[in-house]
Amino acid sequence: MNEAKARDCLCRMGERLYHRGLVHGTAGNLSMRIDDGWLMTPTNTCLGDLDPERLSKLDAQGRLVSGDKPSKEAFLHTSVYAVRNEAEAIIHTHSTHSVAVSCLDHPEGCPVLPPLTAYYVMRVGELALVPYYRPGDTSLADAVRDAAVKHACVLLANHGPVIAGKGLNEALYALEELEETAKLHLLLQGMKTKPLSEDEVRELMG
Ligand SMILES: O=C(CO)COP(=O)(O)O
Ligand SMILES: [Zn+2]
């Protein structure tokens with residue numbers, strides 16, 4: 001995709017996330033791979049009101065080439081691209097229900113969310129949980145990179161999701177499935193639920 005089109009796509013995606021209520025304030029950040037590096041949302045900006053000219057352009061080494069100062073999670077984004085060759089776009093949000101799930105006490109070895117529906121399994125697959133680190137901490141980027149080797153969707157404890165996709169739309173659809181499943185999981189708290197069986201999940205994962 002050419003750079004002008006990528007700039008336009010990022011701004012439209014920011015607006016879409018904002019109007020869907022999936023981002024608020026200046027939380028969250030977006031990026032896209034381009035031929036000579038990455039485009040990323042600038043730090044402390046509202047994703048609903050992005051200016052294509054002010055997006056941060058980073059070179060292949062992650063250095064700022066033009067635009068405003070990049071997101072404090074820039075290193076997290078570039079670390080995920082480094083281990084996921086197919087990833088062309090990354091969305092990070094503080095979407096409410098996903099964040100609520102990220103604040104629960106998750107026993108070691110249990111899935112972060114149960115496979116409640118087929119679409120959750122198809123779009124999100126296996127969600128990895130990364131322990132809490134301060135936003136922008138390079139240790140957070142390192143932990144996310146390690147998790148991203150096997151997982152396109154990662155949930156940062158007490159923070160929010162990071163989703164890599166072959167394009168922005170693929171990342172959005174996974175994020176929306178995650179957010180809705182997190183909502184279902186919270187709605188079902190205290191009720192006897194029957195998630196998909198291991199065989200049903202295996203069939204969907206292919
Ligand atoms: O979500 C955020 C931090 O985790 C937002 O930070 P930035 O405004 O620096 O992108
Ligand atoms: Zn964040």
Side-chain angles (χ1 to χ4, degrees), residues 6-7 9-34 37-59 62-82 84 87 89-104 106 112-113 124 127-148 151-165 168 171-172 174-176 178-179 182:
R7 285 178 185 271
C9 287
L10 278 172
C11 295
R12 280 192 292 126
M13 183 56 69
E15 226 177 312
R16 198 163 162 188
L17 290 166
Y18 188 79
H19 291 297
R20 276 275 282 114
L22 290 165
V23 294
H24 58 271
T26 63
N29 29 72
L30 308 174
S31 66
M32 273 181 89
R33 205 195 280 271
I34 51 172
W38 295 278
L39 285 176
M40 198 167 290
T41 50
T43 190
N44 298 324
T45 50
C46 171
L47 298 194
D49 194 24
L50 293 169
D51 178 346
E53 300 305 316
R54 295 181 66 172
L55 291 176
S56 317
K57 181 176 176 178
L58 309 185
D59 67 13
R63 291 178 299 229
L64 182 65
V65 175
S66 63
D68 289 353
K69 187 178 172 200
S71 168
K72 66 176 81 63
E73 308 291 14
F75 189 49
L76 179 156
H77 285 244
T78 55
S79 302
V80 173
Y81 288 114
R84 296 199 73 82
I90 294 173
I91 300 181
H92 163 57
T93 70
H94 298 179
S95 311
T96 310
H97 299 90
S98 302
V99 177
V101 166
S102 85
C103 298
L104 298 175
H106 296 276
V112 183
L113 277 172
V124 178
L127 180 67
L129 182 69
V130 163
Y132 175 79
Y133 293 93
R134 175 182 54 78
D137 190 331
T138 53
S139 303
L140 173 62
D142 289 343
V144 172
R145 184 197 51 228
D146 292 348
H151 303 269
C153 301
V154 175
L155 187 62
L156 315 180
N158 304 84
H159 187 163
V162 176
I163 316 278
L168 275 175
L172 171 70
L175 172 72
E176 289 185 311
L178 169 57
E179 178 64 8

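Numbering of ligands and ligand atoms starts at 1, following listing order.
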I'd like the atom pairs linking ligand 1 to the protein - N or O on both sides, separation under 3.5 Å - with distances to 0.1 Å.
from: ligand 1; atom 1: 1 (O); to: Gly28; atom 2: N; distance (Å): 2.9
from: ligand 1; atom 1: 1 (O); to: His92; atom 2: NE2; distance (Å): 3.3
from: ligand 1; atom 1: 1 (O); to: His94; atom 2: NE2; distance (Å): 3.0
from: ligand 1; atom 1: 4 (O); to: Glu73; atom 2: OE2; distance (Å): 2.6
from: ligand 1; atom 1: 4 (O); to: His92; atom 2: NE2; distance (Å): 3.4
from: ligand 1; atom 1: 4 (O); to: His159; atom 2: NE2; distance (Å): 2.9
from: ligand 1; atom 1: 6 (O); to: Lys72; atom 2: NZ; distance (Å): 3.0
from: ligand 1; atom 1: 8 (O); to: Asn44; atom 2: N; distance (Å): 2.8
from: ligand 1; atom 1: 9 (O); to: Thr43; atom 2: OG1; distance (Å): 2.6
from: ligand 1; atom 1: 9 (O); to: Lys72; atom 2: N; distance (Å): 2.8
from: ligand 1; atom 1: 9 (O); to: Lys72; atom 2: NZ; distance (Å): 3.1
from: ligand 1; atom 1: 10 (O); to: Asn29; atom 2: ND2; distance (Å): 2.9
from: ligand 1; atom 1: 10 (O); to: Ser71; atom 2: OG; distance (Å): 2.7

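- Rounded to the nearest 0.5 Å, atoms CZ (Phe75) and OG (Ser139) are 10.0 Å apart.
- Here the protein contributes His92 NE2, His94 NE2, His159 NE2 as N, O or S atoms under 2.8 Å from the Zn ion (ligand 2).
- Of the listed residues (Leu178, Leu155, Val124), just one forms a side-chain contact (heavy atoms from CB on, under 4.5 Å) with Val112, and that residue is Leu155.
- His159 and His92 share a donor-acceptor pair across their side chains, judged by distance under 3.5 Å alone.
- Under a 4.0 Å N-O distance rule, the pair Arg20/Glu179 does not qualify as a salt bridge.
- Closest approach of Tyr81 to Ser31, counting heavy atoms only: OH-OG, 2.7 Å.
- The shortest distance between side-chain heavy atoms of Ile91 and Leu22 does not fall below 4.5 Å.
- The stretch residues 42-59 participates, sequence neighbours left out, in these side chain to side chain donor-acceptor pair (under 3.5 Å) pairs: Glu3-Lys57, Asp36-Lys57, Arg54-Asp68, Asp59-Arg63.
- The stretch residues 131-143 participates, sequence neighbours left out, in these salt bridge (Lys or Arg N to Asp or Glu O under 4.0 Å) pairs: Asp142-Arg145.
- The two atoms that bring Ala143 and Tyr133 nearest to each other are CB-CE1, 3.7 Å, heavy atoms only.
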